Amino acid sequence: MPEMPEVETVRRGLEEIVVGKTVASVTVTWPRIVQAEGGLEAFENRMPGQQLMKVGRIGKFLLFYWTDVVWIAHLRMEGKYLYEKQDTPVDPYTHVICHLTDGNDLRYRDVRKFGRIHMVDKADTDAAIAQLNLGPEPADLNFEDFKARLMRTKRPIKAVLLDQSVVAGIGNIYADEILYEAKVHPQQIGASLYDHEITAIIEASRDIIQAAIAVGGTTIRTYTNTFGENGHFANYLKAYGQTDNPCQRCGTPIEKIKVAQRGTHYCPHCQTIHE
DNA sequence: AGAACTTCCTGATCGC
DNA sequence: TGCGATCAGGAAGTTC
């Protein structure tokens with residue numbers, strides 16, 4: 001599932017191969033994926049002639065800056081952008097296609113149809129981004145602000161890390177990795193965290209996200225980048241998906257539990273709960 | 001206001 | 001072996 005490192009990898013791929021291309025027409029076969037003022041019709045009417053100027057990212061959202069509209073897009077679980085020749089057969093999981101003037105397509109493929117492409121007027125970009133209500137990214141976490149936010153919640157830390165308004169970009173895989181690295185129990189209540197644990201979480205967030213970006217993200221099940229390549233961070237996972245495998249620090253088998261309705265992996269010896 | 005629950009989707013996996 | 005039930009999960013919407 002794409003989290004910030006995977007989205008960043010996709011962004012870099014799109015920058016490399018799609019920036020500069022111009023849309024001739026669009027085909028949408030699952031309308032719910034596209035959200036635009038004026039609906040699908042506005043999207044279909046507006047996109048032809050748009051040239052992709054650059055691709056940005058905020059948290060797990062991709063930002064496609066076209067000539068005079070912007071897409072604020074989310075891959076959710078399995079969304080992918082593919083750049084393919086127009087004579088390549090279109091599979092049933094492709095739901096949005098931008099036919100480009102260079103003879104290729106920019107295709108949005110999403111088996112579960114959870115992803116979204118929100119088109120806004122260029123002038124409304126800042127307001128639309130503000131509406132996402134995203135917190136700082138891991139690299140920009142500030143101890144005092146993060147602590148203040150933690151001190152007023154009774155939610156378990158795992159749920160807090162998944163809350164995009166607290167930290168933007170962390171999903172289920174990296175939340176488990178961060179808490180493992182910081183030696184904090186996923187069910188530890190936010191308001192009960194010690195300062196040294198908060199510091200450890202901030203540092204682990206920064207380090208793990210950065211390390212994952214450096215190797216192209218994590219491929220679990222289905223993620224690939226725009227070139228169809230896997231990310232390699234799965235080779236470095238120490239908690240996520242490691243159920244029953246020995247903890248790399250102490251050898252205790254990694255356990256899997258549910259926290260905030262999410263599958264959660266942790267070491268019951270290294271990550272213990274306290275008052 | 002904050003927190004929890006529901007919904008959207010479909011392929012993979014589980015249990016009998 | 002076969003088949004129905006359950007699981008996986010991010011964020012928006014709804015409810016309490």
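Numbered from 1 within each chain, the chains take letters A, B, ... in sequence-line order. The model shown is predicted, which means the values in this text are computed figures rather than measured ones.
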Test ring pair (Phe, Tyr, Trp, His ring centres under 6.0 Å) applied to A:Y266 and A:Y240, step by step: CA-CA 8 Å; A:Y266 76 109; A:Y240 186 89; over 10 Å; no

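- Residues passing the salt bridge (Lys or Arg N to Asp or Glu O under 4.0 Å) test with A:R107 are A:E84, A:D105, sequence neighbours excluded.
- Neither OP1 nor OP2 of C:dG10 sits under 4.0 Å from any side-chain N or O of A:Y174.
- Shown here is A:Q86, whose CD atom has more than 12 heavy atoms of other residues, nucleotides or ligands within 6.0 Å.
- The number of heavy atoms from other shown groups lying within 6.0 Å of OH (A:Y236) does not exceed 12.
- In this structure, NE2 of A:H74 is placed 16 Å from C1' of B:dC9, rounded to the nearest angstrom.
- No donor-acceptor contact under 3.5 Å links the side chain of A:R112 to the base of B:dG11.
- Note on A:K258: a side-chain N or O is less than 4.0 Å away from OP1 or OP2 of C:dA8.
- Side chain of A:F61, nearest nucleotide from C:dA12, C:dG10, B:dC5: C:dA12.
- In this model, the phosphate group of B:dG11 is approached by a side-chain N or O of A:Y93 to a distance below 4.0 Å at OP1 or OP2.
- The side chain of A:T153 contributes an N or O atom lying less than 4.0 Å from OP1 or OP2 of B:dA3.
- Considering only side-chain N and O atoms, A:W30 lies under 4.0 angstrom from the phosphate OP1 or OP2 of B:dC9.
- An angle of 60°, rounded to 10°, separates the two end axes of the helix from B:dG2-C:dC16 to B:dC16-C:dG2, each defined over five pairs.
- OP1 or OP2 of B:dA3 has not a single side-chain nitrogen or oxygen of A:K154 nearer than 4.0 Å.
- In this structure, A:M77 atom CE and B:dA12 atom C1' are separated by 14 Å, rounded to whole Å.
- In the set B:dG2, C:dA8, B:dA4, the nucleotide with an atom closest to the side chain of A:R155 is B:dA4.
- Within the structure, a side-chain polar atom (N or O) of A:K256 is placed less than 4.0 Å from OP1 or OP2 of C:dA8.
- In terms of phosphate contacts, A:R32 brings a side-chain nitrogen or oxygen within less than 4.0 Å of OP1 or OP2 of B:dC9.
- A donor-acceptor pair under 3.5 Å is formed between the side chain of A:Q50 and the backbone N or O of A:D68.
- Ranking C:dG9, B:dT10, C:dA12 by closeness to the A:R76 side chain, first place goes to C:dA12.
- One can place CG of A:D176 at 9 Å from P of C:dG9, the figure rounded to the nearest angstrom.
- Taking the side chain of A:V111 as heavy atoms from C-beta on, and the options C:dG9, B:dG11, C:dA12, the nearest nucleotide is B:dG11.
- A side-chain donor-acceptor contact under 3.5 Å links A:Q271 to the backbone of A:V184.
- For A:Q164 and C:dG10, the shortest distance from a side-chain N or O to OP1 or OP2 is not below 4.0 Å.
- Atoms CD1 (A:I117) and C1' (C:dA12) sit 17 Å apart, rounded to a whole Å.
- With rounding to whole Å, A:I257 atom CD1 is found 16 Å from C:dC7 atom P.
- Note on A:G263: only backbone sugar-phosphate atoms sit closer than 4.0 angstrom, heavy atoms only; bases stay farther off.
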Side-chain donor/acceptor pairs under 3.5 Å, residues 26-43 of chain A, sequence neighbours excluded:
residue: A:T27; atom: OG1; partner: A:H99; partner atom: NE2; Å: 2.7
residue: A:T29; atom: OG1; partner: A:T94; partner atom: O; Å: 3.3
residue: A:T29; atom: OG1; partner: A:H95; partner atom: O; Å: 3.2

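- Atom P of nucleotide C:dA11 and atom CG of A:L134 are separated by 8 Å, given to the nearest angstrom.
- In this structure, A:R116 places its CZ atom 14 Å from C1' of C:dG9, rounding to the nearest Å.
- Here the options are A:E3, A:E137, A:E15, A:E6, the test is salt bridge (charged side-chain N to carboxylate O under 4.0 Å, His left out), and the partner is A:R57; only A:E137 passes.
- Within 4.0 Å (heavy atoms only), A:E3 reaches no atom of the nucleic acid at all.
- The distance between atom NE2 of A:H95 and atom C1' of B:dC9, rounded to the nearest whole Å, is 9 Å.
- Closest contact between the side chain of A:R262 and the listed nucleotides C:dA11, B:dA3, B:dT10 involves C:dA11.
- For the pair A:D121 and A:R46, the salt-bridge criterion is met [side-chain N within less than 4.0 Å of a carboxylate O].
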